[in-house]
Amino acid sequence: MRILSDDVANHAGKTITISGWIHKKRLLGGLNFINIRDRRGLTQVLVEDKKEVEKLRGLQIGTVLNVTGEVFADERAPGGAEIHEAKLEVITPVIDAPPVEIDKPLDHKPDNLDTLFEYRPIGLRNLQEAAILKIQAVVKDAVRKELQANDFIEFNSPKLLPGATEGGAEVFKLDYFGKEATLAQSAQFYKQILVGVFERAFEINPTYRAELSATTRHMTEFMHIDAEAGFVTFDELMEIMSGVVNAAVEAAWATYEPELKRWNATKPKLPKVFPQITMAEIHEKFSKATGTNTVGEKDLRPEEEKWICEWAKKNLDTDALFVTEWPASEAKFYHKLDDKKPEFALRCDLLFRGVEISTGSMRENDYNVLLEQLKIIGADIEHPGFKYYLMAFKYGLPPHGGFGMGLERLTQKIIGLNNVKEASAFPRDINRLAP
RNA sequence: GGGCUCGUGGUGUAGAGGCCUAACAUGCCUCCCUGUCACGGAGGAGAUCGCCGGUUCGAAUCCGGUCGGGCCCGCCA
């Protein structure tokens with residue numbers, strides 16, 4: 001029966017068999033140490049028999065094998081135990097040396113990201129690379145559980161759509177049996193429709209943006225946490241968003257603290273509900289502090305996002321905050337304007353460690369007002385992209401709001417990675433479609 | 001789409017007109033080594049310096065073009 005690496009120490013004095021990949025060889029002559037990697041971690045194997053060592057001649061890191069031997073508790077061994085008098089049985093020999101070294105930290109310098117992604121299929125076997133994906137899996141799971149705990153029902157919306165409707169970002173077009181289809185930029189319309197069904201709904205699925213953006217925070221395909229809730233107030237929406245980020249951070253640190261520390265990550269300071277700062281306030285503070293005048297601008301510059309996050313860290317002891325009071329003139333047709341201050345949309349951007357990881361807003365739920373707002377942008381309300389969306393409103397949607405959050409950006413900022421792509425197993429950007 | 005940058009053995013770097021017959025680290029191969037954990041030691045193979053053209057007695061090095069990266073802006077998660 002196969003024993004897994006984290007269970008080896010429990011079998012001291014017994015003969016066991018482990019299976020996995022050669023992760024590292026340290027051949028000292030008489031004493032030969034081999035680290036075997038399996039899904040739980042590494043096991044140190046001590047091989048003294050020259051015949052057994054000879055079996056490894058010409059075989060590279062990555063070779064798959066079974067190792068049978070007796071377990072010895074030994075403080076000198078990593079994990080406190082190792083396998084002695086090992087018999088090796090090669091299952092899958094590897095002849096060619098891997099192009100990147102997987103037993104030591106891989107280079108994440110911006111200049112070398114291309115190499116990192118080029119050799120991803122084997123680079124991911126590096127324990128630190130794999131740790132990113134494991135942390136992300138826990139983050140995703142925590143987000144799901146947090147939303148479920150708040151009565152959100154998970155669903156899946158289609159990614160093949162009849163046309164570009166949401167506006168804003170560029171959309172991918174593709175041939176659909178002779179007709180033009182597009183790839184979903186978000187689950188926006190569907191999650192709103194689902195408010196009429198579940199009241200609270202969410203999904204975590206890939207979405208697509210055809211932006212010609214080559215920055216450290218853009219991919220053309222990313223995992224989108226899309227949530228929508230009926231009968232919520234703007235403040236309640238921000239509480240939910242804060243809760244999601246808090247849950248993700250807590251779960252990541254509770255599960256993978258050693259891995260996070262290996263990435264030199266520090267645990268973010270996060271209040272239960274993140275503070276709000278209006279865009280005008282940010283412009284004012286930034287302009288005063290830096291001498292660059294942004295007062296009156298209708299969006300935040302990336303440098304302002306970084307700056308206000310540093311300011312909030314120092315002055316409010318928080319790594320996250322909400323930007324509120326977005327100019328109504330820049331609002332999307334589905335945004336709800338503030339009744340008390342109609343010059344603003346009820347929108348909140350969640351900045352986390354210098355980057356926008358989420359945008360939330362209250363939505364216009366009045367069918368007739370929505371039609372008016374669609375008219376302004378010149379939308380064809382009979383287009384199938386709008387028709388079914390509007391159907392939900394015509395037959396009753398309550399006041400509601402929701403948010404979209406980038407899973408990779410969230411992971412990136414929890415770990416402290418420089419580029420979102422580093423938080424993706426197989427990132428897609430404007431010039432990378434493979435692996 | 002605009003701007004700025006960078007392409008040198010498998011990988012990461014040094015070299016910035018002649019000392020380059022291209023250096024170093026790591027990986028790989030051979031040998032030595034009984035407690036390694038970035039093991040150590042000795043030796044070896046491996047690069048027409050992204051590509052094309054130009055300047056020059058001479059180009060990895062200067063110039064032009066081209067291809068491929070990276071970073072920033074716009075836009076966004």
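Residue numbers begin at 1 in each chain, while the letters A, B, ... track the order of the sequences.
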Requested in this report: For A:K269, look at atom NZ and say whether over 12 heavy atoms of other residues, nucleotides or ligands are found less than 6.0 Å away.
Outcome: no
Under 4.0 Å between any heavy atoms, over every strand shown, what does A:T207 touch: base, sugar-phosphate, or nothing? Just pick one. nothing
Write down the distance separating the C1' atoms in B:G15 and B:G9, rounded off to the nearest Å.
15 Å
Closest to the 5' end of RNA chain B, once A:L31 and A:P98 are matched to their nearest nucleotides, is A:P98
Checking all strands, does A:M223 fall into the base, sugar-phosphate, or nothing category for heavy-atom contacts under 4.0 angstrom?
-> nothing
Exercise for the section: Scan A:T215 against the nucleic acid and name what it touches under 4.0 Å (heavy atoms): base, sugar-phosphate only, or nothing. Expected result: base
Sorted by position of nearest nucleotide on RNA chain B, 5' first, the leading residue of A:G58 and A:G30 is A:G58
Q.
Classify the ring geometry of A:H84 against A:F72: parallel below 30°, tilted from 30° to 60°, perpendicular beyond 60°.
A. parallel
Span that lies between the P atom of B:U5 and that of B:G10, in whole angstrom: 28 Å
| When we call it a touch if two heavy atoms are under 4.0 Å apart, what does A:E82 touch: a base, just sugar-phosphate, or nothing? | base
Residue pairs meeting side chain to side chain donor-acceptor pair (under 3.5 Å), one or both in residues 402-414 of chain A, sequence neighbours left out, come to A:Q136-A:T411
Regarding the side chain of A:K24, the nearest nucleotide among B:C39, B:G35, B:U13 is B:C39
* Asked: Reckon A:T359 touches a base, only the sugar-phosphate, or nothing at all at heavy-atom distances under 4.0 Å?
  -> sugar-phosphate
Checklist line | B:A38 and B:G12, which share atom name C1', separated by this distance in whole Å | finding: 14 Å
Restricting to nitrogen or oxygen on both sides, can you table the protein-nucleotides 67-70 of chain B pairs closer than 3.5 Å?
unit_1, atom_1, unit_2, atom_2, d
B:G69, OP1, A:N431, O, 3.3
B:G69, OP2, A:N431, ND2, 3.3

Give A:L46 one of three labels, base, sugar-phosphate or nothing, depending on what nucleic acid heavy atoms sit under 4.0 Å from its own.
-> base
For A:L28, report the nucleic acid contact type (base, sugar-phosphate, nothing); a contact means any heavy atom under 4.0 Å. base
**Q.** Spacing of the C1' atoms in B:G46 and B:U26 (rounded, Å)
**A.** 14 Å
Worksheet item: Using the C1' atom in both, what is the distance from B:C71 to B:A45, to the nearest Å?
Response: 38 Å
Taken to the nearest whole Å, NE2/A:H23 to P/B:A38 is 12 Å
Closest non-hydrogen contact found for A:P158 with A:A184 is O-CB, 4.0 Å
Greater than 12 external heavy atoms within 6.0 Å of A:E284's CD:
no
* Asked: What distance, rounded to whole Å, do you find between the two P atoms, one in B:C24 and one in B:G58?
  -> 30 Å
query = Say you pick atom C1' in B:C52 and the same atom in B:C67; how far apart are they, in whole Å?
reply = 10 Å
### Query
Expressed as a whole number of Å, how far does the P atom of B:U21 sit from that of B:A59?
11 Å
Review point. Relative to the ring of A:H224, is the ring of A:F222 parallel (under 30°), tilted (30 to 60°) or perpendicular (over 60°)?
Key: tilted
Side-chain contact check for A:P302: nearest option of B:G74, B:C71, B:U36 is B:G74
Worksheet item: Is A:D107 paired with A:K109 through a side-chain N to carboxylate O contact shorter than 4.0 Å?
Response: no
Under 5.5 Å between ring centres and under 30° between planes: true for A:F33 and the base of B:G35?
no
